[in-house]
Structures are given as C-alpha cells and as structure tokens.
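All remarks here apply to the structure that follows.
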2 protein chains.
Amino acid sequence: MKRTILIFAALIAALLILFQLSKYSYASGDASIEIIIAFIAVIFFFIGIYINKKSRTPAIDNAPQVNKKSLEQLGLSRREYEVLLEISQGLSNKEIATKLFVSESTIKTHVSNLLVKLDAKRRTQAIQKAKTMGILPN
Amino acid sequence: MKRTILIFAALIAALLILFQLSKYSYASGDASIEIIIAFIAVIFFFIGIYINKKSRTPAIDNAPQVNKKSLEQLGLSRREYEVLLEISQGLSNKEIATKLFVSESTIKTHVSNLLVKLDAKRRTQAIQKAKTMGILPN
DNA sequence: ACTCCTTTCATACTAAAGTACTAAAATGCT
DNA sequence: AGCATTTTAGTACTTTAGTATGAAAGGAGT
C-alpha cells in the first residue's frame with residue numbers, strides 16, 4: 001500500500017517536472033514542442049505498461065466473492081493462488097506455464113508448494129478443499 | 001424394477017418354505033430348532049449383504065439436485081458417474097478402486113471412457129466441465 | 001545493508017494418470 | 001434364448017504430476 005502511494009507520488013512529481021521542463025524548453029526555443037510531447041508520450045506509455053502489469057496480477061485482490069480470511073490464513077502467495085485458479089479450470093502444468101509466460105518447472109514448484117499449504121496430495125484434492133473453503137469463485 | 005419385485009417374491013417364498021421345513025423338522029424331531037434358526041440367520045445375513053450392496057450403488061438415481069437431462073445426454077454409465085463423483089472429491093485412481101472394491105485397471109478404464117464422453121483431456125477438466133453442466137452436487 | 005519471502009528455473013527421479021487394445025463375465029432388455 | 005451394453009481386468013506404453021534439492025534474482029521491510 002505504501003509502495004503504491006509512493007509510486008503515484010513519484011509519478012505526479014515526474015509529471016510536474018516534465019511540464020516545467022517543457023515550458024522552459026519551449027520558451028528558450030532549444031527544443032521543439034513535438035519532441036517534448038513525444039517524450040512524455042513514450043514515458044507514460046511505459047508507465048501504463050508497468051501499472052497495467054502490476055494491477056493485472058490480480059489473484060487475491062480482485063478475486064470475486066471469496067473468503068479472504070481463509071485465503072490469508074493459508075499463506076498462499078499471489079502466484080500460487082493464480083496457479084490454483086488455473087488448476088481449477090482444468091489446465092495442465094504445461095498449459096498454465098504457457099498462459100502465465102513461465103516455464104513448466106516454475107509451475108511445478110508453485111503446485112508443490114500450494115499442495116503443501118492446502119494439505120492436499122493431488123491437484124484434484126486441492127480443488128475440492130479450496131472449494132469447500134470458499135476460496136474459489138463459482 | 002421388475003427384477004427387484006421378482007427377487008423379493010422369491011425371498012418371501014424361500015422364507016415360507018423354510019418356515020414349513022422348520023415346522024416339519026421340529027415335529028418329526030430329526031433336527032434341532034437351533035440349527036434351523038442358525039440356517040435362516042445365515043441365509044438372511046447374506047441376503048442382507050446382497051441387498052445392501054445393491055441399494056448402496058446410488059449413482060445417478062439418488063444424486064441430489066443434479067441436471068439429469070445433461071447427465072443422460074452424456075451417456076455416462078452408472079459406474080462412470082460414480083467414478084466421476086469420487087474424482088471430484090479429489091481421490092486417486094487407487095483410492096477409488098479401494099473404495100469401490102475393484103481393481104485400479106477398472107477405474108482407469110472408467111476414467112478413460114468418462115473423459116471421452118465429457119470431452120476432457122484431464123480429470124481436472126472433467127471436474128470443471130461437469131460442474132458447469134450442473135452434473136455434480138454442491 | 002541485511003534478511004525474508006517470492007518468483008523463477010533446472011535436474012533428476014518416483015509416482016500417478018491416461019491411452020490403446022483385448023477380452024471375459026454380468027446385466028438388462030426384448 | 002439372444003443381443004447390446006456395462007463392468008470388470010489385464011498388459012504395455014506414453015505422458016503428466018509431483019517430490020527433492022539447489023540456486024539465482026528481485027521486492028519489501030527493519
């Protein structure tokens with residue numbers, strides 16, 4: 001939470017600085033307004049990508065009607081919960097890896113950890129337990 | 001249904017015959033009443049086991065709030081549906097085999113057929129599909 | 001800075017799951 | 001009684017899943 005505030009504060013500050021710079025440059029005539037605009041555009045393009053990437057790792061936060069208390073008590077990490085969701089959709093490790101842009105090894109690691117935390121021996125059991133705990137949507 | 005009626009009719013007939021025999025034997029004194037009683041007890045013991053076994057294969061019929069139309073359209077057999085239920089409870093093939101008193105090979109056969117009928121590649125996908133079809137309880 | 005946690009990935013196995021046939025009883029229906 | 005389906009089971013593989021372990025990099029908090 002503190003991170004988010006700091007990031008946004010930094011963004012606003014950066015924006016103000018850019019505005020000041022653009023004003024100065026425009027007045028002194030040593031840079032065309034088009035270049036300034038393009039510069040700002042590019043920076044905000046990447047900021048947009050970054051913010052989108054951060055907020056699009058939803059997992060726990062944007063999870064719909066879900067028992068968040070149980071979720072936290074389990075100690076499942078974001079990624080683990082994300083993998084759990086894909087498992088409950090019937091995907092294989094390889095498919096999950098492709099979908100999340102990581103290797104199958106990584107998914108296996110997540111699955112192993114997730115099984116321990118859910119005290120399950122198999123992914124199907126993990127699904128069942130998660131459902132009865134109200135951790136999964138639907 | 002007809003089978004059940006016939007079986008019960010046969011059972012009642014057998015019971016009457018045993019009663020007649022016991023009466024005759026008791027009167028003629030060539031068999032002690034205890035042996036007759038023991039005989040009847042043993043027979044009804046096994047009948048009890050048989051009836052219990054038959055009625056305890058619930059599957060489709062006693063399935064709770066379940067979309068029976070989808071179920072029939074899928075063409076899932078009783079046993080296949082039974083196996084599907086156990087899969088959704090997170091059991092392994094071996095565990096299901098133990099629970100249903102059959103070999104693991106048999107369960108594998110059921111699972112394979114069930115996956116084809118549900119058009120699923122994995123058991124987890126079968127669970128997901130079955131849930132969205134309203135075929136599974138909960 | 002240091003430390004904990006998370007995420008990533010790899011190797012090397014072991015254990016389940018699934019597939020493809022084949023085949024024999026049993027069950028159910030006509 | 002005969003036929004179709006279901007249930008059972010086996011063998012022989014191939015493919016996923018899951019475990020164990022080690023390791024590197026980055027984020028977050030003290």
Side-chain angles (χ1 to χ4, degrees), chain A residues 1-7 10 50 53-54 56-57 59-61 71-72 74-84 86-88 90-127, chain B residues 1-7 50 53-57 59-61 71-72 74-84 86-88 90-127:
Chain A
M1 285 305 167
K2 289 176 184 175
R3 290 178 51 75
T4 312
I5 293 171
L6 284 175
I7 289 173
Y50 179 76
K53 188 188 169 191
K54 279 290 174 184
R56 205 174 40 69
T57 44
I60 297 169
D61 306 314
L71 238 183
E72 286 172 24
L74 278 174
L76 279 183
S77 75
R78 286 190 183 193
R79 215 50 165 166
E80 285 162 2
Y81 182 64
E82 220 165 354
V83 170
L84 176 60
E86 301 299 343
I87 287 178
S88 77
L91 300 192
S92 69
N93 289 338
K94 195 172 291 180
E95 288 171 339
I96 297 172
T98 302
K99 191 168 182 180
L100 301 184
F101 304 106
V102 294
S103 80
E104 195 186 343
S105 304
T106 305
I107 300 301
K108 281 189 177 186
T109 305
H110 289 323
V111 172
S112 263
N113 294 333
L114 159 179
L115 288 179
V116 170
K117 291 180 182 176
L118 277 167
D119 189 31
K121 288 177 189 166
R122 284 163 290 283
R123 43 173 57 207
T124 49
Q125 200 178 359
I127 295 174
Chain B
M1 285 305 167
K2 290 175 184 173
R3 291 179 52 79
T4 312
I5 293 170
L6 284 174
I7 289 172
Y50 179 77
K53 188 187 169 191
K54 279 290 173 184
S55 68
R56 208 173 36 70
T57 45
I60 298 169
D61 306 315
L71 238 184
E72 287 172 23
L74 278 175
L76 279 183
S77 73
R78 284 192 184 193
R79 214 51 167 166
E80 285 162 1
Y81 181 65
E82 218 164 355
V83 169
L84 176 60
E86 301 300 343
I87 286 177
S88 76
L91 300 191
S92 69
N93 289 338
K94 196 172 291 181
E95 288 171 338
I96 298 172
T98 303
K99 192 168 181 181
L100 300 184
F101 305 107
V102 294
S103 80
E104 195 185 343
S105 304
T106 305
I107 301 300
K108 282 190 176 186
T109 305
H110 289 323
V111 172
S112 264
N113 293 333
L114 159 179
L115 288 179
V116 171
K117 291 180 182 177
L118 277 167
D119 189 30
K121 289 178 188 167
R122 284 163 290 284
R123 43 173 55 209
T124 49
Q125 200 178 1
I127 295 173

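Letters go in sequence order (proteins before strands), and every chain restarts at 1.
Residue B:Ser103 has a polar side-chain atom (N or O) positioned under 4.0 Å from OP1 or OP2 of D:dG10. Contact between the side-chain N/O atoms of A:His110 and the OP1/OP2 oxygens of C:dT7 is not found at any separation under 4.0 Å. Phosphate proximity of D:dG10 to B:Ser105: present, with a side-chain N or O under 4.0 Å from OP1 or OP2. For A:Ser77, a side-chain nitrogen or oxygen approaches OP1 or OP2 of C:dT7 to under 4.0 Å. Considering only side-chain N and O atoms, B:Arg122 lies nowhere under 4.0 angstrom from the phosphate OP1 or OP2 of D:dT16. Residue B:Ser112 has no polar side-chain atom (N or O) positioned under 4.0 Å from OP1 or OP2 of C:dG18. Note on B:Arg79: a side-chain N or O is less than 4.0 Å away from OP1 or OP2 of D:dT8. Close to C:dA16, at under 4.0 Å from its OP1 or OP2, lies no side-chain N or O of B:Asn93.
In the model, B:Ser112 has no side-chain atom that pairs as donor or acceptor with a side-chain atom of B:Thr109 under 3.5 Å.
Rounded to an integer number of Å, the gap from CD of B:Glu82 to C1' of D:dT8 is 14 Å. Nucleotide C:dA17 holds its P atom 9 Å from the CD1 atom of B:Ile87, rounded to whole Å. Atom CD in A:Glu104 sits about 13 Å away from atom P in D:dT15, given to the nearest Å. One atom, NZ of B:Lys108, and another, P of D:dT7, lie 20 Å apart when rounded to the nearest Å. What separates CG of A:Leu114 from P of D:dG18 is a distance of 9 Å, to the nearest Å.
Between A:Lys94 and B:Glu80, the residue anchored nearer the 5' end of DNA chain D, judged by the nucleotide with its closest heavy atom, is B:Glu80.
Set against D:dT7, D:dT8, C:dT7, the side chain of B:Val102 has D:dT8 as its closest nucleotide. Candidate nucleotides C:dT6, D:dG18, C:dG18 were compared by shortest atom distance to the side chain of A:Arg123, and D:dG18 ranks first.
Residue contacts for A:Ser92: at a heavy-atom cut-off of 4.0 Å it reaches the sugar-phosphate backbone alone, with no base atom in range.
Applying the side-chain contact (heavy atoms from CB on, under 4.5 Å) test between B:Ile96 and each of B:Ile87, B:Val102, B:Leu84 identifies B:Ile87 as the sole match.
The CG atom of A:Asn93 sits 11.0 Å away from the NE2 atom of A:His110 when rounded to the nearest 0.5 Å.
Remark: the backbone N or O of A:Lys121 is paired with a side-chain donor or acceptor of A:Gln125 at under 3.5 angstrom.
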